[in-house]
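Here is the structure we will look at.
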Protein chains: 2
Amino acid sequence: MEQLGTHRHGDRILGGDRQSCGECEIRDLTFCSVLTAEEMARVRACRTEVKLPAHHTIFHEADEADHLFNVTSGVVKLYKLLADGRRQITGFLFAGEFLGLAANRTYAYTAETVTEAKLCRFSRRRLEKLFDEWPHLEKHLLGIAASELIAAQDQMVLLGRKTAQEKMASFILMMSERAEARGQDGNPVTLPMNRADIGDYLGLTIETVSRTLTQLKNKGVISLMGSGHILLSKPDDLGDLAEGF
Amino acid sequence: MEQLGTHRHGDRILGGDRQSCGECEIRDLTFCSVLTAEEMARVRACRTEVKLPAHHTIFHEADEADHLFNVTSGVVKLYKLLADGRRQITGFLFAGEFLGLAANRTYAYTAETVTEAKLCRFSRRRLEKLFDEWPHLEKHLLGIAASELIAAQDQMVLLGRKTAQEKMASFILMMSERAEARGQDGNPVTLPMNRADIGDYLGLTIETVSRTLTQLKNKGVISLMGSGHILLSKPDDLGDLAEGF
DNA sequence: CGTCGTCTTTGATGTATATCAATGGTCAAA
DNA sequence: TTTGACCATTGATATACATCAAAGACGACG
């Protein structure tokens, strides 16, 4: 049985598993897609698969950064806290996405599951040895880091300069586009996180998120279909709103 | 004579130069610090040094990302624009810092000098060949990207969740710390950019930047010494304000 | 199939920051 | 030394969003 992060409200950690890289359904979404059979075997050796319930902390900000993770199913959020509890979510991660990059020896943010999730957990130490042997893996990681940097800059524009409506429209569109990039349906789009998480991602309060969604609904650009499903009735108009037209 | 970016208000581009890596005063601040003599020679071969006047565009968002740059002196800002002209500055770069990382083939932001500045300009194509030969260079670049990612996340917290006073205090402290990291004096600290740039970096207006500075002055934590110089009278109190205590 | 707890929506009010407007500094050129 | 352009400061007012408060929804569980 895997120990990973802290256990809140007595959640049970579901078992680890070392078998299943071969059947991995999302391999072509991950950095595993660039591995040869030989590399794959070596990577598998420093890997454990863990299954976590919803709302479970994977690691805390300032923990020793001993592991890297790949989300294989479910949704994960990353966040930082201010002293008084104000929270900024810096990203949501879906199947195929990567977390754990750290500049120092410690994590710079807390990672927590939004839904039940499975993750591949890699030993940083052992993975780094592989990187030394196969530099193209590191090259791939640099590509991932560069993309994340671009996304971070877009998020700065959103947080610093967009209105609540523009933020909300951008968010819905981004979620839709990312679902399609994973091969899922982008319309209607599923928002697996609650209003508090959306607010902490967009720099808004719960109430403003809710009100802004009703505004978009009243404008006829979206329909709220319940349990986190949103229909994009006029995707182009939503795009215009996102960019401030 | 070097052509680089666009020329605004008829600025003259000051001459390029291929000689001076040996005398480079800031080499140990840059990624050149990890180079052997042989590597250095090869890197120098794909390098041009350019000197630019203040307020000169180095490259535009969506330009072909043919070059990487290292700031050797002066200050550079990176920004993105919304359709109606709203601007978010995503970073200021000082001597020793790196720009031009791009996920796609095009730059994701505009880069512009704040002061007169010198930059080492590298051909991306040729530099990438070197990276293939010497993977430790790529490893170093990955480290840089990881640090920038951490910084970007801190900036998201600032933009999404901090008050004007906390933003301003954080900014002054960051500028002070970065000056010290470059071996310059961190107190008094020099802010080479104008109020508009500070506002566009912090998600505030010019007026709010100005008012917030006067507030901090009236609290006695800083003194405004004219022409962009600020004395940190009570650095610890400023730190508390930055974190929301 | 009701009840409880949690999440979401909606309403009333407050406030931090933006906007609009004017004045004051500073520096370079005349 | 004066002029003019630009930038920073300060004041008055507006507003987008936050905060405080209550009422609905929804799902889990007995």
Side-chain angles (χ1 to χ4, degrees), chain A residues 8-11 53-55 77 82 84-88 114-116 158-169 171-172 190-218 222-230 241 244, chain B residues 8-9 53-55 82 84-88 114-116 158-172 190-218 222-230 241 244:
Chain A
R8 304 196 325 178
H9 10 280
D11 285 337
H55 312 299
K77 68 189 174 200
L82 290 174
D84 61 358
R86 277 173 291 170
R87 186 176 69 148
Q88 179 65 41
V114 172
T115 62
E116 177 178 285
L158 179 146
L159 291 169
R161 289 302 183 208
K162 288 191 179 179
T163 65
Q165 231 181 64
E166 289 161 358
K167 287 176 175 181
M168 206 60 236
F171 179 69
I172 295 168
T190 308
L191 303 185
M193 66 293 290
N194 62 23
R195 300 288 184 258
D197 284 347
I198 297 175
D200 283 345
Y201 183 62
L202 300 178
L204 300 170
T205 59
I206 295 177
E207 295 93 330
T208 301
V209 170
S210 183
R211 273 187 253 270
T212 308
L213 282 171
T214 4
Q215 280 170 34
L216 293 177
K217 186 185 69 182
N218 292 340
I222 60 167
S223 304
L224 305 175
M225 303 168 74
S227 66
H229 295 274
I230 294 184
L241 285 175
Chain B
R8 304 200 323 181
H9 8 282
H55 312 299
L82 290 175
D84 60 359
R86 277 174 290 171
R87 187 177 68 150
Q88 180 66 40
V114 172
T115 63
E116 178 178 285
L158 180 147
L159 290 169
R161 288 304 182 207
K162 288 191 179 179
T163 65
Q165 231 180 63
E166 290 161 359
K167 287 176 175 181
M168 206 60 236
S170 305
F171 179 68
I172 295 168
T190 308
L191 303 186
M193 67 292 290
N194 62 23
R195 300 290 184 258
D197 284 347
I198 296 175
D200 284 344
Y201 183 62
L202 299 178
L204 301 170
T205 58
I206 295 176
E207 294 93 329
T208 301
V209 169
S210 184
R211 275 187 252 270
T212 307
L213 282 171
T214 3
Q215 282 170 31
L216 294 176
K217 186 185 69 180
N218 293 339
I222 61 167
S223 303
L224 305 175
M225 304 169 72
S227 67
H229 296 274
I230 294 185
L241 285 175

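In what follows, chains are A, B, ... by sequence order, proteins preceding strands, each numbered from 1.
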Exercise. A/Ser210 side chain N/O closer than 4.0 Å to the phosphate oxygens (OP1, OP2) of C/dT9?
Worked result: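 For C/dT9, OP1 or OP2 has a side-chain N or O of A/Ser210 closer than 4.0 Å.
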Exercise. Distance check: side-chain N/O of B/Thr214 vs OP1/OP2 of D/dT10, anything under 4.0 Å?
Worked result: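 Checking D/dT10 against B/Thr214, a side-chain N or O does come within under 4.0 Å of OP1 or OP2.
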For this session: Could you tell me whether A/Leu213 contacts a base, only the sugar-phosphate backbone, or nothing, with contacts defined as non-hydrogen atoms closer than 4.0 Å?
Result: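 Nothing, no nucleic acid heavy atom in range.
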Looking at [X] and [Y], what are the two nearest heavy atoms and their distance?
X: B/Leu191; Y: B/Ile230; result: CD1-CD1, 3.6 Å
X: A/Leu216; Y: A/Ala169; result: CD1-N, 4.4 Å
X: A/Tyr201; Y: A/Leu159; result: O-CD2, 3.7 Å
X: B/Leu204; Y: A/Arg161; result: O-NH2, 2.8 Å
X: B/Ser170; Y: B/Lys162; result: OG-NZ, 2.9 Å
X: B/Pro192; Y: B/Val114; result: O-CG1, 3.7 Å

Checking [X] now: which residues fulfil side-chain hydrogen bond (donor to acceptor under 3.5 Å, both in side chains) with it, not counting sequence neighbours?
X: B/Lys167; answer: none
X: B/Thr208; answer: B/Thr205
X: A/Thr190; answer: A/His229
X: A/Arg87; answer: A/Asp197, A/Asp200

Problem set entry | Residues that B/Thr163 engages under side-chain contact (heavy atoms from CB on, under 4.5 Å), provided they are two or more places apart |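 Scan of B/Thr163 (side-chain contact (heavy atoms from CB on, under 4.5 Å), adjacent residues dropped) gives A/Arg86, B/Gln165, B/Glu166.
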Exercise. Taking only residues two or more places apart in sequence or in another chain, which ones pass side-chain contact (heavy atoms from CB on, under 4.5 Å) with B/Ile206?
Worked result: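 If we apply the side-chain contact (heavy atoms from CB on, under 4.5 Å) test to B/Ile206, skipping adjacent residues, the hits are B/Arg195, B/Ala196.
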Mind listing the N/O atom pairs, protein and nucleotides 23-27 of chain D, below 3.5 Å?
none

Problem set entry | Test log, rule side-chain contact (heavy atoms from CB on, under 4.5 Å), inputs B/Leu82 and B/Gln88 | CA-CA 8 Å; B/Leu82 290 175; B/Gln88 180 66 40; over 6 Å; no
Please give, in whole Å, the distance from [N] [atom2] to [X] [atom1]?
X: A/His229; N: C/dC7; atom1: NE2; atom2: P; answer: 18 Å
X: A/Leu191; N: C/dT8; atom1: CG; atom2: P; answer: 11 Å
X: B/Leu204; N: D/dA8; atom1: CG; atom2: P; answer: 14 Å
X: A/Met225; N: C/dT8; atom1: CE; atom2: P; answer: 18 Å
X: A/Leu158; N: D/dC17; atom1: CG; atom2: P; answer: 12 Å
X: A/His55; N: D/dA28; atom1: NE2; atom2: P; answer: 11 Å
X: B/Gln215; N: C/dA16; atom1: CD; atom2: P; answer: 10 Å
X: B/Asn194; N: D/dT9; atom1: CG; atom2: P; answer: 11 Å

Exercise. Which of these nucleotides, C/dT10, C/dT9, D/dC17, is closest to any side-chain atom of A/Ile206?
Worked result: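 That would be C/dT9.
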For this session: Can you figure out which of C/dT9, D/dT19, D/dA8 approaches the side chain of A/Thr205 most closely?
Result: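 Of the candidates, D/dT19 comes closest.
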Rounded to the nearest 0.5 Å, how far apart are [atom1] of [X] and [atom2] of [Y]?
X: A/Ile222; Y: A/Ile172; atom1: CD1; atom2: CD1; answer: 4.0 Å
X: B/Met193; Y: B/Ile198; atom1: CE; atom2: CD1; answer: 6.0 Å
X: A/Leu241; Y: A/Gln215; atom1: CG; atom2: CD; answer: 10.0 Å

Exercise. Where along residues 161-169 of chain A does a heavy atom fall under 4.0 Å from DNA chain C?
Worked result: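 Going residue by residue through residues 161-169 of chain A, none turns out to have a heavy atom under 4.0 Å of DNA chain C.
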Exercise. Got a sec? Which of residues 195-203 of chain A come in under 4.0 Å of DNA chain C, heavy atoms?
Worked result: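 Only A/Arg195 qualify.
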Dump every N/O contact between nucleotides 20-24 of chain C and the protein below 3.5 Å, one line per pair.
unit_1 : atom_1 : unit_2   : atom_2 : d
C/dC20 : N4     : B/Glu207 : OE2    : 2.9

Problem set entry | the helix from C/dC1-D/dG30 to C/dA30-D/dT1: angle between end helix axes, five pairs per end, rounded to 10 degrees |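 Comparing the axis at each end, I get an angle of 30°.
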